[in-house]
Undergrad: 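Quick one: the structure is below, questions incoming.
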Amino acid sequence: MSMGELLPLMILCSSLIPGLIIFALSEEQHRLRSGLNMVGAVAKLLLVAGLIWGVYQEQVFEARWTLAPGLDFVLHVDALSVLFVSLSTLLWLVTTVYAIGYLEDSPDRSRFFGFFSLCVTATVGLAMAGNLFTFVVFYEALTLATYPLVAHKGTPEAVRGARIYLGYTLAGGLLLLIGAVWLRTLAGPLEFSEGGILGDIPGLDPDNLRWIFLLLMAGLGVKAALFPLHGWLPRAMVAPAPVSALLHAVAVVKAGAFGIVRVVYDVYGVEFSAHLGVLVPLGMLAAFTIVYGSVRALSQDHLKKRLAYSTVSQVSYIALGASILGPLATIGGVVHLVHQGIMKITLFFAAGNYAETLGVHRVSEMDGIGRRMPATTLAFTVAALGMIGLPPVAGFISKWYLGLGALEASQGIWVIPVLVASSLLNAAYFLPILYRAWFMPQRDWPRQMHIGYRGETLPSLQWPPVITATLALLVGGLAAAPFSPLEWVELIALREYRL
Amino acid sequence: MSTILIVVVIVPLLASLTCLMLPRLSDRLSLGTGLVQLITGGLLIQSLASGISHFHELGGWSPGLGIALRADALAGALVLLCAIVSLAATVYARRYFTCVETRYRFWPLWWLLSTAIYALLLSADLFNLYVTLELLGLSAAALCTIGAAKTEALRSALRYLMLGLVGSLLFLAGVSMVYAEYGTLSLMALAGQIAQTPATLVALLLLSSGLLVKCALVPLHFWLPAAHGSAPAPVSAVLSALVVKVAFYLLLRLWFELFSPVMTSLFATLIGGLGAIAVIWGSLRALTAARLKLLAAYSTLSQMGYLFVFIPVLAALPDEETRQLGFGALVLFALSHGIAKAALFLGIGVIQLQVGHDRIDQLAGSAQRFPIAFFAIGLAGVALVGLPPSGAFLAKWSLISNSLLTGQWWWMVVTLTGTLLAAAYFIRVLGAGFVTLGPEAPVKGVGVSLQAPALVLACLATFGLGLGAASLWDVLAMGSAGGQL
């Protein structure tokens, strides 16, 4: 086996194997469990560093395994996969640290961390999938691995939330499956390729392709929380904070958005999609979802729910970017995959800290929390400002490129107002939180966590949001530096448009 | 080389007799027998994969008089399935039946059932097939009564016996019609001769309906849920995983090999339609079932339905090569269901044994108390619903793809509806089990040896069959070199 075959498999195994071992551990072996988690996460990070270097040098990473005649299980790494793999790997490491602190002394941790690792394995597999079949396999695997995490607390409410989640995602998975099988019967093996494949196959009926596009988007839209398929997301908020963080920033929601990018660019091809006329409806829907999610977020008092509706809105930027023809819009959409992930995970870490340390779950309880937990609240502030789109935080870069791309494609007339409206709405639901946190007088907290020393919370809870907030500032401020997400996405855009 | 066929059939028969005469040895002997069967099954499939065909006439009597055994890839795959499932169930049964007396009565019947299954898979003429069918029905009905205290269980076992007899009698009538028409019962001799005469059609209908009773295809399904739902867990596992499956195997032999000139597309569509009803009806009943074992039994009904849905899709495929591939998917689906359903029943048995009941609305705390068994139930669910990476997923992909290729999109609709319903009834079980009990509730552990067989089977169905499926097509391609299928 050559390195090109081995590396993708090793990246999968670096979370799969620790996960499987963790299932077999007893509850008391928490040192071994945490150790395994950390070793896996760090090993994955090192392997991914090797991968980035290799892909930059245009090395080919591909592993292939025939499952049935005509159905190959393919792992193939291109520039887009690298972007998503690195994001998941980095945020997995941070979230693992956070989860170890968050779940200290709670029951069923072996089950939790086992499925947590499987969830990341599925996400990384999905990122490296080399054809639509493999993508579907990992997409479903991700659904299954997340269910026990959402239901983890075992309260009737958690089980209900998990059931709704599973209902939505399995139904979406089936739509995706129909689309994939149908397209497979018409167009062959569907190996992802930069610039798309369908445009080069003669004799395809455009009407069929439009129907299939609809099926694929409906299937992916469930996870990407496109309106009207977003209903599961606010209800899945019953999950523990690290799960919500991972779900919103990397795993589930992003899997849907990543799938949309894959189908538009690497299966249909963005120019061919525009030719079929399927991009405009997608863009309209994404624009509507952006505004709708923000409006719904305004009226949520529950902090995690407000963040959930904010995710509904923000993830649709990615779909919006994919639906505008032109490299600048592509850059704006794809880079938001990373930027939104880093910012949103910060917000969820902070929300989890408030809930764990002080029992604060609602916006109306947050008066003066900035003075009690300054580091966490500072991280929250940075991320919230980024979501609004203030420079130099990462979110600004995405919006800037989306706006430029819309102008370039002469669709500025409806995209720019959507972007402006979204920024205003974001400001309208984030700024009051910041105002309360920093400027209102402190009140009594619902409960106080016993920490045992002077500090705002446990270090393993405090540091992850600080680190990710710093990261959000760095990727925004140093966007022009080599190997920044923006630079990498420019490379992707060049390859997608065959420039 | 073909003596391996005799070994496959004789070893369980000897085990059955020995267990009857020397009950004290039976626990250890059974474990050994299970292992020997697994090894023999592996050797058989390996030799079939290398292109050797197996045919053996017992005692050298010519066909028509003596007993002939033969194995092709299809039979080999099912022999291996039976060996795997029965080894797991054997390991499990040693712990499941805690009463020694019960075990002494259990083992002879258990191995008799095995003998019947293997003999049926390998028999090469219609009369021997009838004999093995009778043996199968009798030993299976007797096993249903093991350890049964309730009259309800006895009643359903009796009904199972009666229905089995009706099925075999219909089959026997069909066999005599064939003999009257063609003067031979050897499958090989018959294969080239079957022509479209009225008598042949009647024979086909009699043979098919006899077997359809045993396969529990709607509307002949009414006996199955009670029988499979009230038998002891290892018996339920084998009934659902193997006994209905071997009846289906015989149908495949008849329809695709023997009577292929008589099979019309109308007949295939009719069978597929009944299968579709079974898929939907079985799933709906599983969705509302109050007990886990009943849910699993109704799930068997619906999963058997899929096998029949394959028939019209395969029949409509234009060329031999795609049909060959589609047939592989059908076999894969059968194997996947067999292993996963056995895992499900063994997992349910653990919970039932410890909690004393299997009511779904009182499952709270199971995920914490029986993590391994519950994980196995979840994994078996993945394979039964047909989600990746299970073997059933690949089979369903092929089924959907072929129904689109042949322009019969309605079979795709049936498949997807059934899949959604199956997901719904498994979500119900998972949701019930994930609810935690209050903090004061006792959390007690269960031995690993009782839980492990279910987990091993579930992993095999979900990961083994999914990732290793390609070799199945290789074996099937080699094994059918004789021109059949």
Side-chain angles (χ1 to χ4, degrees), chain A residues 20 23-24 26-27 65-73 107-108 110-111 114-115 122 125 133-144 147-148 150-167 169-171 173-175 177-178 180-186 208, chain B residues 321-322 324-325 328-329 332 364-365 367-368 371-372 375 378-379 381-382 385-389 391 393-405 409 412-413 415-417 419-420 423-424 426-428 430-437 439 443 466-474 477:
Chain A
L20 294 180
F23 276 125
S26 72
E27 280 306 306
W65 173 260
T66 302
L67 286 185
L71 285 180
D72 280 1
F73 180 86
D108 303 318
S110 284
R111 185 178 82 199
F115 281 111
F133 169 73
T134 316
F135 183 87
V136 172
V137 169
F138 282 116
Y139 193 78
E140 297 281 6
L142 179 61
T143 303
L144 297 173
Y147 171 81
V150 179
H152 183 74
K153 286 180 190 160
T155 58
E157 195 198 2
V159 170
R160 198 179 321 119
R163 188 176 65 216
I164 292 167
Y165 164 70
L166 200 55
T169 44
L170 282 181
L174 277 191
L175 293 179
L177 177 71
I178 304 174
V181 176
W182 191 358
L183 197 57
R184 172 76 180 73
T185 59
L186 298 178
N208 280 347
Chain B
E321 196 193 333
T322 49
Q324 192 68 249
L325 295 181
L332 181 62
Q368 279 182 318
I372 303 178
F375 194 53
L379 270 185
V382 169
V385 177
L387 296 171
F393 172 71
L394 296 175
K396 278 190 178 169
W397 178 291
S398 159
L399 178 61
I400 295 173
S401 169
N402 283 337
S403 56
L404 285 173
L405 273 179
W409 51 268
M412 177 188 86
V413 175
T415 310
L416 294 174
T417 315
T419 305
L420 267 186
F426 269 103
I427 292 176
R428 204 176 138 228
L430 292 183
F434 258 109
V435 175
T436 44
L437 293 169
V443 176
L467 300 177
S471 51
L472 176 72
W473 273 276
D474 295 340

Undergrad: Rounded to the nearest 0.5 Å, what separates atom CG in A:L71 from atom CH2 in B:W473?
TA: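 Between atom CG of A:L71 and atom CH2 of B:W473 there are 7.5 Å.
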
Undergrad: Given a strict heavy-atom distance threshold of 4.5 Å, which part of A:A68 is in contact with chain B: side chain, backbone, both, or neither?
TA: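 For A:A68, heavy atoms of backbone and side chain both lie under 4.5 Å from chain B.
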
Undergrad: So which of A:T155, A:L186, A:T185 has the largest heavy-atom pair count under 4.5 angstrom toward chain B?
TA: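 Of the candidates given, the most pairs with chain B belong to A:T185.
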
Undergrad: Taking C-beta and beyond as the side chain, do A:W182 and B:I400 meet within less than 4.5 Å on heavy atoms?
TA: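 SC-SC contact between A:W182 and B:I400 ruled out.
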
Undergrad: B:V382 versus chain A, heavy atoms under 4.5 Å apart: side chain, backbone, both or neither?
TA: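 B:V382 touches chain A through side-chain heavy atoms alone.
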
Undergrad: Rounded to the nearest 0.5 Å, what separates atom CZ in A:F73 from atom CG in B:L394?
TA: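 These two atoms lie 11.0 Å from each other.
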
Undergrad: How long is the straight-line distance from OH of A:Y147 back to CD1 of B:I427, given to the nearest 0.5 Å?
TA: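 So the CD1 of B:I427 and the OH of A:Y147 are separated by 7.0 Å.
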
Undergrad: Kindly give the heavy-atom pair with the smallest separation between A:T66 and B:A470, and that separation in Å.
TA: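 Smallest heavy-atom distance, with atoms named: O-CB, 3.3 Å.
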
Undergrad: Heavy-atom cut-off 4.5 Å, strictly under: side chain, backbone, both or neither for A:A158 against chain B?
TA: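 Contact with chain B involves no heavy atom of A:A158 at all.
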
Undergrad: If I take atom CZ from residue B:F375 and atom CZ from residue A:F115, how far apart are they, to the nearest 0.5 angstrom?
TA: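 Reported value, rounded in 0.5 Å steps: 4.5 Å.
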
Undergrad: Where on A:L144 is there a heavy atom nearer than 4.5 Å to chain B: the side chain, the backbone, both, or neither?
TA: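 The side chain, not the backbone.
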
Undergrad: Determine the minimum heavy-atom distance between A:P148 and B:F434, stating which atoms define it.
TA: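 Taking every non-hydrogen atom into account, CB-CZ, 3.7 Å.
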
Undergrad: Is it the side chain or the backbone of B:A424 that comes within 4.5 Å of chain A heavy atoms, both, or neither?
TA: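 Answer is neither: B:A424 stays 4.5 Å or more from chain A.
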
Undergrad: For B:A423 and A:L170, which heavy atoms make the closest approach, and how far apart are they?
TA: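 In terms of heavy atoms, the two residues are closest at CB-CD1, 3.6 Å.
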
Undergrad: Working to the nearest 0.5 angstrom, can you tell me the gap between B:L387 CG and A:E140 CD?
TA: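 Nearest 0.5 Å value for the CG-CD distance: 5.5 Å.
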
Undergrad: Please state whether the side chain, the backbone, both or neither of B:I372 comes within less than 4.5 Å of a heavy atom of chain A.
TA: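 Neither; nothing under 4.5 Å.
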
Undergrad: So does B:L467 get a backbone contact from the side chain of A:W65, meaning a donor-acceptor N/O pair under 3.5 Å?
TA: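 A pair under 3.5 Å: yes.
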
Undergrad: Which one wins on heavy-atom pair count under 4.5 Å against chain B: A:L174, A:T143, A:I178, A:V136?
TA: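 Result: the option with the highest number of such pairs is A:L174.
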
Undergrad: Side chain, backbone, both or neither: which part of A:R111 has a non-hydrogen atom closer than 4.5 Å to chain B?
TA: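 For A:R111, the contact with chain B is made by the side chain alone.
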
Undergrad: Side chain, backbone, both or neither: which part of A:V159 has a non-hydrogen atom closer than 4.5 Å to chain B?
TA: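 The side chain, not the backbone.
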
Undergrad: Does any backbone or side-chain atom of A:R163 lie under 4.5 Å from a heavy atom of chain B? Answer side chain, backbone, both or neither.
TA: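 For A:R163, heavy atoms of backbone and side chain both lie under 4.5 Å from chain B.
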
Undergrad: Look up atom CG in B:L404 and atom CG in A:L183, then write down how far apart they are to the nearest 0.5 Å.
TA: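 With rounding to 0.5 Å, CG (B:L404) is 11.5 Å from CG (A:L183).
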
